[in-house]
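What follows is a short report on a single structure.
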Amino acid sequence: MWTNWSGGQRCRPVATARPLDEAGVAGVVRRAAERGQTVRPVGAGHGFSDLAVTDGVHLDCSAFAGITGVSAMGGPAAAPGEAVVRVRGGTTVGELQDGLAERGLALPVPLDLAAPTLGGALAVGAHGSAACRGSLAEQVLALRVVDGRGRVRDVPRADLDAARTALGALGVVLDAELAVVPAAPMTVTRAQRPVDEVLDPAFWEAHDLAEAALFPSSPTALARWAGAADAADEEDSERGVGVTSAGATGRTALGGAVVVERALPRLAPSLNRVVSRLARTVTATGAGHRVLSNPPAVRYEQTEWAVPREVLVGSLRALLAQLADGLETGLPVRMRVGPAERGWLHPAYGRDTGWVAVRVPRGTDPGPVLARTASVMRAHGGRPHWGTRHDFDAVDVATAYPRFADFAKVRDDYDPDRVFTNPALARLLGD
């Protein structure tokens with residue numbers, strides 16, 4: 001029995017294959033196709049959606065991992081120190097970021113979860129909190145995949161925007177070439193701020209990375225922002241002076257509040273206001289992916305939506321008002337921003353985006369909160385994050401994504417027999 005991280009998705013695949021190399025991946029897909037079986041690539045199981053659920057073959061590429069090459073970025077547009085890395089699809093985000101750091105490199109936008117695999121993160125459009133710099137998928141320069149007939153293919157430039165974020169529908173990602181930048185220390189600050197301040201676009205535009213956690217019942221938010229460390233920050237970091245572990249106190253308080261609120265839901269608004277007031281200003285300086293690391297305090301179900309940036313504030317205020325009406329949980333609503341993306345099925349495709357994530361602690365019925373969130377986000381032109389819980393179907397996808405028909409044509413080429421399908425893809429892509 002396979003179960004995802006939250007425990008909300010389960011399945012019993014007919015087999016789980018863990019190939020060790022490219023030929024092994026191709027062989028698994030080819031044999032399954034010959035037997036009339038379906039195949040679903042499965043990463044770390046950290047997603048909340050049903051994209052990995054199957055009664056066919058689970059293909060686990062975690063043993064096929066590692067950075068296999070680094071070269072200088074070519075072309076007149078390349079900045080000093082920019083590079084291209086080649087990395088296998090089973091590499092976790094944590095392994096990738098640590099491996100880059102050892103080479104003096106980093107992703108342009110650090111990711112705060114280490115567990116997802118590269119292939120899984122690309123498939124669902126994993127993103128960070130930068131207003132002007134794109135997600136992991138946006139850094140893809142080349143992809144090598146195994147298609148639905150077990151053939152190894154280098155994705156041509158014409159298909160690359162279909163393949164950047166493809167929900168695992170085009171094939172199994174063997175490896176990717178990613179644009180990376182020179183590593184530089186970052187200083188992260190977390191502090192309590194008025195809700196009106198963090199909803200002001202000036203807050204997002206003033207920092208390299210910025211995000212906020214908001215409780216429906218609280219007039220203040222827990223804000224977090226980051227930028228390049230200055231010389232004083234770096235010296236303090238090297239000496240271990242004035243640097244605090246960002247988030248530890250908040251996570252402890254939050255976890256305790258959630259436990260109480262499960263037993264006494266009516267206390268949620270009061271406890272959430274207390275958690276917000278207890279938040280103290282903390283800073284940390286170091287490698288971006290380390291100081292932004294945000295391991296969860298509790299397990300939960302999550303829905304996240306991408307809305308046009310210009311309606312982010314209105315959609316958030318509407319959502320907070322809806323959740324304050326008897327649906328507040330012990331976990332805050334998370335707000336982030338990002339730029340327009342090129343991936344045809346990336347939730348931020350073609351528009352500057354605001355991201356709104358709502359979480360419900362495990363052990364609590366998520367249905368009412370998920371439904372209310374979907375209603376508000378749909379009314380504001382929202383598209384769901386593919387790795388989270390949502391109610392989109394094929395009609396919604398075709399309506400929300402202008403290049404959906406083009407994606408479908410590429411899919412017919414890469415997987416004409418739908419070897420990579422499952423109920424989730426059938427619902428979303430109209431098999």
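Values below: every heavy atom of this structure, side chains too, minus hydrogens, waters and symmetry copies.
- Between L312 and V337, the closest side-chain pair of non-hydrogen atoms falls below 4.5 Å.
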Steps toward salt bridge (charged side-chain N to carboxylate O under 4.0 Å, His left out) verdict (R336, E304): CA-CA 10 Å; R336 293 184 281 178; E304 185 172 28; 3.3 Å; yes

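- Not a single donor-acceptor pair under 3.5 Å links the side chain of D352 to the backbone N or O of R309.
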Go through the steps for R411 and D431 under the test salt bridge (charged side-chain N to carboxylate O under 4.0 Å, His left out), then give the verdict. CA-CA 11 Å; R411 187 186 184 204; D431 285 350; 2.5 Å; yes

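- Checked by atom type and distance alone, the side chain of D161 never pairs as donor or acceptor with a backbone atom of G343 at under 3.5 Å.
- The main-chain N or O of V360 is never found under 3.5 Å from a side-chain atom of T364 such that the two would form a donor-acceptor pair.
- Between V376 and H380, the closest side-chain pair of non-hydrogen atoms falls below 4.5 Å.
- Using a 4.5 Å heavy-atom cutoff, the side chains of V333 and L323 are in contact.
- For the pair T329 and V369, the minimum side-chain heavy-atom distance is below 4.5 Å.
- Between the side chain of Q37 and the backbone N or O of A33 there is no donor-acceptor pair closer than 3.5 Å.
- F392 and W305 have perpendicular rings, their planes meeting at more than 60° on a 0 to 90° scale where under 30° would count as parallel.
- Using a 30° and 60° split on the angle between ring planes, Y300 and W5 fall in the perpendicular class, above 60°.
- Put simply, the side chain of N4 gets close to the backbone of G47: a donor and an acceptor are under 3.5 Å apart.
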Residue pair R153, D413: steps toward the salt bridge (charged side-chain N to carboxylate O under 4.0 Å, His left out) verdict: CA-CA 12 Å; R153 299 175 65 164; D413 176 28; 3.0 Å; yes

Just do the side-chain contact (heavy atoms from CB on, under 4.5 Å) check on R144 and E22 with the steps written out, would you? CA-CA 10 Å; R144 189 171 173 87; E22 183 177 287; 2.9 Å; yes

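- With a 4.5 Å cut-off on side-chain heavy atoms, R30 and R149 do not count as touching.
- Listed for the R133 side chain is a donor-acceptor partner under 3.5 Å among the backbone atoms of P108.
- In this structure, R418 does not pair ionically with D415, as no charged nitrogen and carboxylate oxygen lie closer than 4.0 Å.
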Would you please test W2 and V42 for side-chain contact (heavy atoms from CB on, under 4.5 Å) and show each step? CA-CA 10 Å; W2 174 85; V42 59; 3.6 Å; yes

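- Classification of R334 and E211 as a salt-bridged pair holds, one side-chain N sitting under 4.0 Å from a carboxylate O.
- Judged purely by atom type and a 3.5 angstrom limit, T38 has no side-chain atom pairing as donor or acceptor with the backbone of V419.
- Under the 4.0 Å criterion applied to side-chain N and carboxylate O atoms, R342 and E138 are assigned as salt-bridge partners.
- Taking a cutoff of 4.0 Å between a charged side-chain nitrogen and a carboxylate oxygen, D391 and R378 qualify as a salt bridge.
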Walk me through whether R403 and D406 qualify under salt bridge (charged side-chain N to carboxylate O under 4.0 Å, His left out). CA-CA 5 Å; R403 301 298 298 271; D406 297 316; 2.5 Å; yes

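- By the 4.0 Å N-to-carboxylate-O rule, R427 lies too far from D393 to be salt-bridged with it.
- Salt-bridge formation is not detected for the pair R164/D159: no Lys NZ or Arg NE/NH1/NH2 atom is positioned less than 4.0 Å from an Asp or Glu carboxylate oxygen.
- L20 CG: 12 or fewer foreign heavy atoms inside a 6.0 Å radius.
- Ion pair R224/D112 flagged as a salt bridge, since at least one NZ, NE, NH1 or NH2 atom sits closer than 4.0 Å to an Asp/Glu carboxylate oxygen.
- Residue T373 holds its OG1 atom at 10.5 Å from CD of Q302, rounded to the nearest 0.5 Å.
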For L167 and L345, what are the C-alpha separation, side-chain angles and deciding distance, and is it a side-chain contact (heavy atoms from CB on, under 4.5 Å)? CA-CA 8 Å; L167 288 69; L345 289 191; 4.0 Å; yes

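- Annotation: H390 is not in aromatic contact with H385 [ring centroid separation under 6.0 Å not met].
- Looking at D147 and R151, a side-chain N of the basic residue comes within less than 4.0 Å of a carboxylate O on the acidic one, giving a salt bridge.
- Using a 4.0 Å cut-off between charged nitrogen and carboxylate oxygen, R103 and D98 do not count as a salt-bridge pair.
- Taking the charged nitrogens against the carboxylate oxygens, R88 and D175 have no contact shorter than 4.0 Å, which rules out a salt bridge.
- Formation of a donor-acceptor pair under 3.5 Å by the T399 side chain with backbone atoms of V395 is found in this model.
- Judged by distance alone, the side chain of D60 and the main-chain N or O of A17 form no donor-acceptor pair under 3.5 Å.
- Between F48 and W386, the distance from one ring center to the other does not fall under 6.0 angstrom.
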Before giving the answer on side-chain hydrogen bond (donor to acceptor under 3.5 Å, both in side chains), spell out for S49 and Q9 the whole-Å C-alpha distance, their side-chain angles and the decisive distance to 0.1 Å. CA-CA 7 Å; S49 73; Q9 303 292 347; over 6 Å; no

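- Checked by atom type, the side-chain pair S6/E301 shows a donor-acceptor distance below 3.5 Å.
- Between L331 and P361 there is a side-chain heavy-atom pair separated by less than 4.5 Å.
- Using modelled atom types, no side-chain atom of Q139 and backbone atom of V180 make a donor-acceptor pair closer than 3.5 Å.
- You'll find the side chain of P13 stays beyond 4.5 Å of the side chain of V57, heavy atoms only.
- L107 has its side chain out of reach of H289: every pair of non-hydrogen atoms, C-beta onward, lies at least 4.5 Å apart.
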